[in-house]
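Comments concern the structure below.
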Amino acid sequence: MSFELKTLTFGYGDRVIGSNIDLALRSGEVLALLGPNGAGKTTLFKTMLGLLPVKAGKILLDGRALSGWSRRERAARIAYVPQAHAALFPFAVLDVVLMGRAARIAPFAMPSRQDRIIAQDALESVGMAPLAAKPYTEISGGERQLVLIARALAQQPQILIMDEPSASLDYGNQMRLLAHIRRLARQNLSIILSTHNPDHAFLAADRVALLNGGSLTALGTPADVLTPETLKELYDIDVVVGALDGSARICAPRLDQFPA
């Protein structure tokens, strides 16, 4: 599997959000995308999914222009976890996850027993199996986010694009999700996720890309990219980056910038 952005210009309508984006997602890696609000992370993801047209440059999936793949072909290879999802209809949780099998089911066919097993396994993998029969409209926002992740996994994709997947999760579920992301990468799934939390990148990512001012301003390992200087430029806040004994690197704000 190869997935490449080559001198990509992206945006929506007549508006250009970013340009000259060069990025190659490696097989089995976790790439974290950080950037301030409004930097264009979600717009970039929608372009990478083929939901928005490329304005200039190329997106290549296995060496072939993304626009040359049908929607069904793209959905069999690339799955998406959005930031949020409105719960409008009271589908059972398992049925929501089963929707992830749509690209692998023939038109007008019913899901097979194997499709249901795959959906159930995906629910179990994110700890949501006890809610399988519960209406999707009656579970919490954090639980819905985990169900959306299960739905994406049920697609059995090669590439998983996750837009701030931990934003609505409590601390425990955030850590469990990051650990699960690492396990998925070891199974050769390529993952790109956006986050505002540098600690999540330190914990889960192999590489980090910084999106700011319409450009990728840095790309490399978390230790090389997430420095006090780059984070100050990105978020306009002074931080300290270090490590405690036996822990991953962590990022914390400098206390002297807050009034007593």
Original post:
How close do Ala185 and Ile191 get, heavy atom to heavy atom, and via which atoms?
Top reply: N-CD1, 4.3 Å

**OP:** Specify the closest pair of heavy atoms between Pro222 and Asp206, including all atoms of both residues, with the distance to one decimal.
**Re:** CD-O, 3.4 Å

Original post:
Is Met128 linked to Leu98 within one hydrophobic cluster, defined over Ile, Leu, Val, Met, Phe, Trp and Tyr using a side-chain heavy-atom separation of less than 4.5 Å?
Top reply: no

**OP:** Would you please name every residue forming a salt bridge (Lys or Arg N to Asp or Glu O under 4.0 Å) with Glu29, sequence neighbours left out?
**Re:** Arg207

**OP:** Examine the side chains of Asn212 and Thr217 and answer whether a donor and an acceptor come within less than 3.5 Å of each other.
**Re:** no

Subject >> Sub-4.5 Å side-chain heavy-atom contact between Met162 and Ile181 >> reply: yes

Subject >> Minimum-distance pair of heavy atoms, taken over all atoms of Leu52 and Gly11 >> reply: CD1-O, 3.8 Å

Subject >> Close side-chain approach of Leu44 and Ile17, heavy atoms under 4.5 Å >> reply: no

Original post:
Does Arg64 come within less than 4.0 Å of Asp62, counting only side-chain N to carboxylate O?
Top reply: no

**OP:** State, with a plain yes or no, whether a side-chain heavy atom of Phe10 is found less than 4.5 Å away from one of Lys55.
**Re:** no

Original post:
Judged by atom type as modelled, is there a donor-acceptor pair below 3.5 Å linking the side chain of Asp121 to the main-chain atoms of Ile118?
Top reply: no

**OP:** Consider only side-chain N and O atoms of Glu233 and Thr230, and report whether a donor and an acceptor are under 3.5 Å apart.
**Re:** no

**OP:** Tell me, with the steps shown, if Lys6 and Asp22 meet side chain to side chain contact (heavy atoms under 4.5 Å, CB included).
**Re:** CA-CA 5 Å; Lys6 294 195 170 185; Asp22 286 291; 4.3 Å; yes

Original post:
Are Leu51 and Leu33 joined in one hydrophobic group, where the rule is that I, L, V, M, F, W and Y side chains link up if heavy atoms are under 4.5 Å apart?
Top reply: yes

Original post:
Side chains of Ser194 and Asp163: donor-acceptor distance under 3.5 Å anywhere?
Top reply: yes

Original post:
Minimum heavy-atom separation for Leu153 to Val126, with atom names?
Top reply: CD1-CG1, 4.4 Å

Original post:
Is there a chain of hydrophobic side chains (I, L, V, M, F, W, Y, each step under 4.5 Å between heavy atoms) that links Leu216 to Val16?
Top reply: no

**OP:** Check whether the side chains of Gln156 and Arg101 place a donor and an acceptor atom closer than 3.5 Å, and report yes or no.
**Re:** yes

Original post:
Should Val241 and Ile250 count as side-chain neighbours, where that means a heavy-atom distance under 4.5 Å?
Top reply: no

Original post:
Just by distance, do the side chain of Gln120 and the backbone of Ile117 share a donor-acceptor pair under 3.5 Å?
Top reply: no

**OP:** Check for a donor-acceptor pair, side chain of Arg77 on one end and backbone N or O of Pro157 on the other, with a separation under 3.5 Å.
**Re:** no

Original post:
Hey, are the side chains of Glu4 and Ile59 touching, using non-hydrogen atoms and a 4.5 Å cut-off?
Top reply: no

Subject >> Backbone N/O of Glu164 and side chain of Lys41: donor-acceptor pair under 3.5 Å >> reply: no

Original post:
With a 3.5 Å cut-off and no angle check, do the side chains of Gln158 and Ser190 form a donor-acceptor pair?
Top reply: no

Original post:
Could you give the distance from CZ (Arg26) to CG (Leu31), rounded to the nearest 0.5 Å?
Top reply: 9.0 Å

**OP:** Would you check if the side chain of Ser166 reaches a backbone N or O of Leu169 as a donor-acceptor pair within less than 3.5 Å?
**Re:** no

Subject >> Shortest non-hydrogen contact from Ala119 toward Val97 >> reply: O-CG1, 3.5 Å

Original post:
Taking NZ, NE, NH1 and NH2 as the nitrogens, is one of them in Arg254 or Asp238 under 4.0 Å from a carboxylate oxygen of the other?
Top reply: no

Original post:
Are any side-chain N or O atoms of His196 and backbone N or O atoms of Gly35, one a donor and one an acceptor, separated by less than 3.5 Å?
Top reply: yes

**OP:** Would you check if Leu60 and Leu5 make a side-chain contact, meaning some heavy-atom pair closer than 4.5 Å?
**Re:** no

**OP:** Check Leu219 against Val225 and note the closest heavy-atom contact, atom names and distance.
**Re:** C-CG2, 3.7 Å

Original post:
Backbone N or O of Ser70 within a donor-acceptor pair of the Glu73 side chain at under 3.5 Å?
Top reply: yes

Original post:
Can you check whether Ala103's main-chain N or O pairs, donor with acceptor, with Arg72's side chain at less than 3.5 Å?
Top reply: yes

Original post:
Are Val240 and Tyr235 connected in a single hydrophobic cluster, I mean Ile/Leu/Val/Met/Phe/Trp/Tyr linked by side-chain heavy atoms less than 4.5 Å apart?
Top reply: no

